[in-house]
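Scroll down for the structure; my scribbles are underneath it.
Both backbone and side-chain heavy atoms feed into the values below; hydrogens, waters and symmetry mates do not. Quick note: residue numbers are just sequence positions, from 1.
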Amino acid sequence: MATLVYFKKISENPDTITYSFGEYLPEMTRHLSLDRTNRRALPDDGNIDYLFLKASRKINAVFDERGDGPERGVSAS
């Protein structure tokens, strides 16, 4: 079974980037915050589940490639 997790940057400051994420584009109701310094992501709802892990790992992978957080994207597996 395939899993898609969409994410979109909703805000940023010099220390943190905040993303919305979810399984469906119109329903990305969850948020995660990425610390720019240590690149640690935390879910705003405290729920570290598969969807959160997929989104945060993809965001960090793109960060590695580009040197900054992506505007939007999707992780498929």
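With sequence neighbours left out, Lys8 forms a salt bridge (Lys or Arg N to Asp or Glu O under 4.0 Å) with no residue at all. Remark: Asp45 pairs with Arg30 by the side chain to side chain donor-acceptor pair (under 3.5 Å) rule, at least two apart or across chains. Not counting sequence neighbours, the partners of Ile10 by the side chain to side chain contact (heavy atoms under 4.5 Å, CB included) test are Thr18, Ser20, His31. Every residue two or more places apart in sequence or in another chain that forms a side chain to side chain donor-acceptor pair (under 3.5 Å) with Ser77 is listed here: Tyr50, Lys54. Residues passing the side chain to side chain donor-acceptor pair (under 3.5 Å) test with Arg39 are Asn60, Asp64, sequence neighbours excluded.
When hydrophobic residues (I, L, V, M, F, W, Y) are linked wherever their side-chain heavy atoms come within less than 4.5 Å, the members clustered with Val5 are Phe7, Ile17, Tyr19, Phe21, Leu32, Leu34, Ile48, Leu51, Phe52, Leu53, Ile59, Phe63. When hydrophobic side chains of Ile, Leu, Val, Met, Phe, Trp and Tyr are connected at separations under 4.5 Å, Tyr24 ends up as a singleton with no cluster partners.
Judged as a salt bridge (Lys or Arg N to Asp or Glu O under 4.0 Å), the pairs with a partner in residues 11-27 (not counting sequence neighbours) are, in order, Lys9-Glu12, Glu12-Arg36.
Distance CE/Met28 to CZ/Arg72: 7.0 Å, rounded to 0.5 Å.
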Q.
Checking Ser33 against Asp44 for the side-chain hydrogen bond (donor to acceptor under 3.5 Å, both in side chains) test, could you report, in this order, the C-alpha distance in whole Å, the side-chain angles of both residues, the deciding distance, and whether it holds?
A. CA-CA 7 Å; Ser33 298; Asp44 290 359; 3.2 Å; yes
